[in-house]
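In the text below, chain A, chain B and the rest are named by the order of the sequence lines, each starting its count at 1.
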Amino acid sequence: MKIKIFYFARLKETLKFSTEDLELPDDAFASTLTILKLKAHLAKRSDVWQQMLMGKLKVRGAINHALVDDNALISDGDEVAFFPPVTGG
Amino acid sequence: MAVSVQTEDFDAGLEISRLRNARKDTGAVVSFIGLVRDLNEGDQVSQLTLEHYPGMTEKALEAIVSQAQNRWAIFDAVVIHRVGTLQATEQIVLVAVSSAHRREAFKACEFIMDYLKTEAPFWKKERMQSGERWLDAKNSDDEARERWNQ
């Protein structure tokens with residue numbers, strides 16, 4: 001499966017990533033991929049990723065421009081985004 | 001409904017006039033303008049930068065206004081939110097709502113702001129003399145939104 005991931009605000013700045021295309025083998029992991037499982041997968045990249053995605057910072061996820069919770073399922077072709085709680089207004 | 005995410009400033013008076021003149025049975029227009037302050041958490045702030053998620057932001061704002069329209073008998077609503085770098089005293093956000101009577105417009109305007117603060121993908125970064133910092137979300141904003149579900 002192929003997905004696109006966007007990072008915003010503190011995540012983008014600290015991870016030095018604003019967007020990436022991620023390709024995963026079409027196995028059982030991909031077919032049951034949730035926001036939480038994707039976070040844990042990406043967190044294996046380094047200590048910084050671990051700290052930003054699975055650490056103390058609250059990270060919100062969106063799929064195809066809609067806010068979702070950690071258990072939301074990700075499908076092939078989805079646009080996923082990770083960001084800190086919002087602070088507009 | 002009109003929703004805009006933009007770098008340029010807006011004319012709140014013009015937006016209010018548009019709502020006022022759109023229909024003759026408009027009895028109330030309530031508006032809120034959010035501004036950049038030069039002081040936050042005891043520190044002098046020289047400028048504020050707003051980042052957003054293009055593509056999602058407009059959809060999120062439209063969804064919030066739709067919820068307000070479903071909840072109260074309002075005629076129309078305008079939401080303008082600026083992004084990019086802003087200085088103290090500059091306008092950040094405008095929410096203006098028209099209705100036949102004041103109560104609906106007051107409630108819808110506050111509802112839209114409370115949801116915007118907790119669900120629309122904007123992030124603020126402050127620049128101070130000592131450096132820069134991302135603002136943290138406030139629990140009080142979540143609580144303000146939750147009031148509408150009670």
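- The number of heavy atoms from other shown groups lying within 6.0 Å of CG (A:Asp47) does not exceed 12.
- Your options are B:Val93, B:Leu50, B:Asp142, B:Asp136, and the one with the most heavy-atom pairs under 4.5 Å with chain A is B:Asp136.
- B:Leu48 and B:Leu35 sit in two unconnected hydrophobic clusters of ILVMFWY residues. Membership requires side-chain heavy atoms under 4.5 Å apart, directly or through other members.
- By the rule that hydrophobic residues join a cluster once side-chain heavy atoms approach within less than 4.5 Å of another member, A:Leu22 and A:Val59 end up as members of one cluster.
- Under the 4.5 Å side-chain criterion, counting only non-hydrogen atoms from C-beta, A:Asn64 is not in contact with B:Lys59.
- Around atom CZ of B:Phe106, no more than 12 heavy atoms belonging to other residues, nucleotides or ligands sit under 6.0 Å away.
- Atom CD of B:Glu90 is surrounded by more than 12 heavy atoms from other residues, nucleotides or ligands within 6.0 Å.
- Identified by a heavy-atom distance below 4.5 Å to chain A, contributing residues of residues 1-12 of chain B are lacking entirely.
- Ring geometry, A:His65 versus B:Tyr53: the interplanar angle exceeds 60°, so the pair is classed perpendicular (tilted spans 30 to 60°).
- No other option in A:Lys12, A:Arg60, A:Lys58 has as many heavy-atom pairs under 4.5 Å with chain B as A:Lys12.
- The CD atom of A:Glu79 sits 10.0 Å away from atom CE of B:Met56, with the distance rounded to the nearest 0.5 Å.
- Heavy-atom neighbours of B:Arg103 CZ from other residues, nucleotides or ligands within 6.0 Å: at or below the threshold of 12.
- B:Ile112 and B:Leu19 sit in two unconnected hydrophobic clusters of ILVMFWY residues. Membership requires side-chain heavy atoms under 4.5 Å apart, directly or through other members.
- Contacts of B:Asp141 with chain A are absent, with no heavy-atom separation under 4.5 Å from either backbone or side chain.
- When hydrophobic clusters are built by joining Ile, Leu, Val, Met, Phe, Trp and Tyr residues whose side-chain heavy atoms come closer than 4.5 Å, directly or via intermediates, B:Leu116 is grouped together with B:Trp72.
- Contacts with chain A were tallied for B:Lys138, B:Met113, B:Glu119; B:Glu119 has the most, counting heavy-atom pairs under 4.5 Å.
- Residues of residues 81-89 of chain A lying under 4.5 angstrom from chain B, judged on non-hydrogen atoms, are A:Ala81, A:Phe83, A:Pro84, A:Pro85, A:Val86, A:Thr87, A:Gly88, A:Gly89 by number.
- Other residues, nucleotides and ligands contribute only 12 or fewer heavy atoms inside 6.0 Å of the CZ atom of B:Arg102.
- Between chain A and the residues B:Gly55, B:Ala60, B:Gly34, the most heavy-atom pairs under 4.5 angstrom are made by B:Gly55.
- If you chain together hydrophobic residues whose side chains sit under 4.5 Å apart, A:Met52 and B:Trp134 never meet in one group.
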